[in-house]
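Keep in mind that the numbers below use all heavy atoms, side chains included, and drop hydrogens, waters and symmetry copies.
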Amino acid sequence: MRNLLIALSVVFWGAVIWYAYDQTWARARYGVLFLGGVLELYVLTELMALTDSDGRANLFDDLREAYGPGNRLDAAVLSLCALDVAVTTAYMWVNFQALYVERAGRALSHEYAMAVAFSVVIIYLTWRSFGPTFLAVVLVGFAYGYFGAYAPGPLQHGGLGAERILRTVVISVDGFFGFLTQLVAAWIALFLLFAGFLKAYGAFDLIMRLAFRSAKYIDSGIAQTAVLSSAIIGSVNGSQTANAGMTGSFTIPLMKRNGVKPETAGAIEAVASTAGQVLPPVMGAGAFIMASLITGITYVDVIIAGLIPATILSLTIFVAVHYVSAPQLADANADRLVHDPLPREEFLMEGLKYGLPMGVLIYKLGVEQVTVMTAALWTATTMLLTGVSIPVMRSGAGISDEPAVAALKRTLWETLDGAREGVIVLAPVTIILAAINGVVDILTATGVPTSISLALLDLSGGVLLVAAILSMIICIVLGLGMPTTASYTIVALLVAPTLISQFFLPELASHFFVFYAAILAGLTPPIATCVAVACGIAGADFWRSCLEAIKISAPLFILPFVFVYHPEIVSAEFDSLTLTSGGFALLGAIAVIHGINYPFEFGQVATAASRLAFFAAGVLAMVYPSRTVQAGALAAVVAMYLLQSFAGRPSPVATLRSLFGLADRSPFDRGEAERE
């Protein structure tokens, strides 16, 4: 069954690559075929999960086990889903012109029955992929569309009939097949194939090796390994929760073995996985959706706009992780973490293998400025070529002991497995975005975005700060339990228009506000799915892990307000105003981190006062509209820092020296020795 999945994955990716190259099909029609193919492959993946994955002798043994005792109900339901998907996809492909153009707004009776069955399949597969939390979101969306006449206050509407809902989500080739599904099909899919190749060719191993090398130079190097690896991998993974499970299974035990508390280890992994969602050039697939939602904005504009906030967040998390992990880490020999070190020549060849495709991506987007789909096609193709050819070249040059023929066979199997891995990553993203697309189209038909806009304006009293706080709360609530792409899509369509139309915030600033706010749901209790996954791996207390995660990621809760009061920071222009605002935000964020996480050694009252003072001054330096107030807040931070250097231990100056590898001994260790 695994080989069958690989074979069908290759056929599927062949169709995706052909469309990216040829583009003769209508995108909406291609979206139908794409969603049908993804759903069929997902069902096969789920059937395979019902078998004992120890390598069966043949397909019939696997099928016999999948449909055996204990699995029959699951297998039967999945089989019915596969049958319905096949029939619906074939019908909509053959009758596309009639459904999409000739009979728009009308449908035949059997088409309504088909739409009901397909909607049930999507809802079931959504529940199977993401559990009851997201299932509730989808069901509430359908219920709100039908029972809107009973909704309270400004959310009330006349209600949509069952037939209109079915036409909206299936028959009109919108809804489940709408712009988000088409966006995944045209833009995101090839990047996830690239991610599948990266995993199959061993890129994660190289990333971990690079991260381990940092452990030689700073006291918190072991913990920074988790930050670096999770951030890089998370940037191409559309779900912070999935990323925490993927990389956390390795990084969390590593940190614990070297003395980091379970709560701290889980929190570090959760925050690092979340930070990866905002890192260019992929931004957890959010960049593609943002570029498609904002008129007149290209994907490159989104990436450039995201550079400064991503830098601020990355640097502050780096400092915070150093503060919280360095006192806990035992003496760790970084050399022993890598049991099989690569020779320099092999290391350089591996770097070329993965670096060349990224160079092609940057060149195609930034220099030639081709479409995202074309750039993704070139990137995935380049990764395939380097992934196969460089190991063979390495063998031929005598750098590797592996024979060239054996290297070719191995890399070809890795390529096939990369196609399978790409499907495994792609399927949940496609399913949840298809479901979200259906819900969003229902909500749009009811006029709820306008209602939310008016209600938010009324509750805020026209005060921007109040509106921004309420918008952040709404974004966090709507993002609970969802991956990044889904949560951002909902808030971008429901909340961002209010900030744009009622408070005249620039479009990029509004979308970055809701994007950053939406990913906070993964760190915010009581749901905090990203923290829940990480602390489950760590065996840590959930609430303590949430507290640690919030302390480490504190600037992430403040940074969205910088976009509101200093929108130039995400203007996609690097002028003096943008760089100045970015500098104030960075220094203010470090002050916030310092106040919350630094191990002050004053008395209890003085320590609490110091934390509050650093935090307040840092927030003012980040957010306040007046440059005079920002400069004054930074001056206060510097004065407090100097005072602390003379009055308290451990010395913050020595801490900074240790952070950048300039001290022989950690100030935390030195302070401990003096206390003894």
Practice prompt. Verify side chain to side chain contact (heavy atoms under 4.5 Å, CB included) between Gln156 and Thr446, making sure each step is shown before the conclusion.
Written response: CA-CA 9 Å; Gln156 188 178 67; Thr446 66; over 6 Å; no
So which atom in [X] and which in [Y] form the shortest heavy-atom distance, rounded to 0.1 Å?
X: Val173; Y: Ala28; result: CG1-O, 4.0 Å
X: Ala376; Y: Leu190; result: CB-CB, 3.6 Å
X: Gly141; Y: Val439; result: CA-CG1, 4.0 Å
X: Glu40; Y: Ala82; result: OE2-O, 2.7 Å
X: Gln182; Y: Gly31; result: CG-CA, 4.4 Å
X: Ser9; Y: Leu41; result: N-CD2, 4.2 Å

Does any part of the side chain of [Y], heavy atoms only, come nearer than 4.5 Å to the side chain of [X], both counted from C-beta?
X: Met373; Y: Leu377; value: no
X: Leu556; Y: Leu313; value: yes
X: Ile165; Y: Ile442; value: yes
X: Cys535; Y: Glu263; value: no
X: Asp417; Y: Lys199; value: no
X: Val121; Y: Leu80; value: no
X: Ser119; Y: Leu166; value: yes
X: Ile252; Y: Lys256; value: yes

Taking [X] for its side chain and [Y] for its backbone only, find out whether a donor-acceptor pair lies under 3.5 Å.
X: Glu421; Y: Ala195; result: no
X: Thr181; Y: Phe176; result: yes
X: Asn95; Y: Ala98; result: no
X: His157; Y: Tyr144; result: yes
X: Ser292; Y: Ile289; result: yes

Practice prompt. Applying side chain to side chain donor-acceptor pair (under 3.5 Å), run through Thr415 and Tyr201 and close with a yes or a no.
Written response: CA-CA 8 Å; Thr415 302; Tyr201 292 141; 2.6 Å; yes
Fill in: Residues Ile123, Leu135; criterion side chain to side chain contact (heavy atoms under 4.5 Å, CB included); working and verdict
CA-CA 7 Å; Ile123 291 171; Leu135 174 65; 3.4 Å; yes
Fill in: Residues Trp25, Trp93; criterion ring pair (Phe, Tyr, Trp, His ring centres under 6.0 Å); working and verdict
CA-CA 11 Å; Trp25 295 333; Trp93 174 265; 5.4 Å; yes
Worksheet item: Above 12 or not: heavy atoms from other molecules or residues under 6.0 Å from CZ of Arg103?
Response: yes
Worksheet item: With a cut-off of 6.0 Å (strictly less than), are more than 12 heavy atoms of other residues, nucleotides or ligands near OH of Tyr112?
Response: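 Counting other residues, nucleotides and ligands, OH of Tyr112 exceeds 12 neighbours.
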Response to the item:
From the list Tyr516, Phe515, Phe512, ring pair (Phe, Tyr, Trp, His ring centres under 6.0 Å) partner of Tyr488 resolves to Phe515
Discussion item. Show, in sequence, the C-alpha distance, side-chain angles and deciding distance for Phe179 and Leu293, and conclude whether the side chain to side chain contact (heavy atoms under 4.5 Å, CB included) test is met.
Written reply: CA-CA 10 Å; Phe179 84 97; Leu293 292 177; 3.6 Å; yes
Discussion item. Can you confirm whether or not the ring centre of Phe177 sits under 6.0 Å from the ring centre of Phe34?
Written reply: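 No, the ring of Phe177 stays outside the 6.0 Å limit from the ring of Phe34, centre to centre.
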Nearest 0.5 Å, what's the [atom1]-[atom2] distance between [X] and [Y]?
X: Leu99; Y: Arg167; atom1: CG; atom2: CZ; result: 12.5 Å
X: Leu47; Y: Asn71; atom1: CG; atom2: CG; result: 9.5 Å
X: Met472; Y: Phe513; atom1: CE; atom2: CZ; result: 5.0 Å
X: Phe557; Y: Ile550; atom1: CZ; atom2: CD1; result: 5.0 Å
X: Leu78; Y: Leu125; atom1: CG; atom2: CG; result: 7.5 Å
X: Leu443; Y: Leu493; atom1: CG; atom2: CG; result: 9.5 Å

Discussion item. Pairing donors with acceptors under 3.5 angstrom, does anything connect the side chains of Glu269 and Thr251?
Written reply: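 Yes, because at least one side-chain N or O of Glu269 sits under 3.5 Å from a partner of the opposite role on Thr251.
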Worksheet entry | Between Tyr91 and Glu111, a side-chain donor and acceptor under 3.5 Å |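 A pair is found: one side chain offers a donor N or O, the other an acceptor, under 3.5 Å apart.
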Discussion item. For a side chain to side chain contact (heavy atoms under 4.5 Å, CB included) check, start with the C-alpha distance between Thr168 and Leu160, then their side-chain angles and the critical distance, and finish with the verdict.
Written reply: CA-CA 10 Å; Thr168 298; Leu160 305 177; 5.6 Å; no
Discussion item. So if I apply the side chain to side chain contact (heavy atoms under 4.5 Å, CB included) rule between Leu180 and each of Leu433, Val440, Asp441, Thr430, which one comes out positive?
Written reply: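 For Leu180, the side chain to side chain contact (heavy atoms under 4.5 Å, CB included) test succeeds with only one of Leu433, Val440, Asp441, Thr430, which is Leu433.
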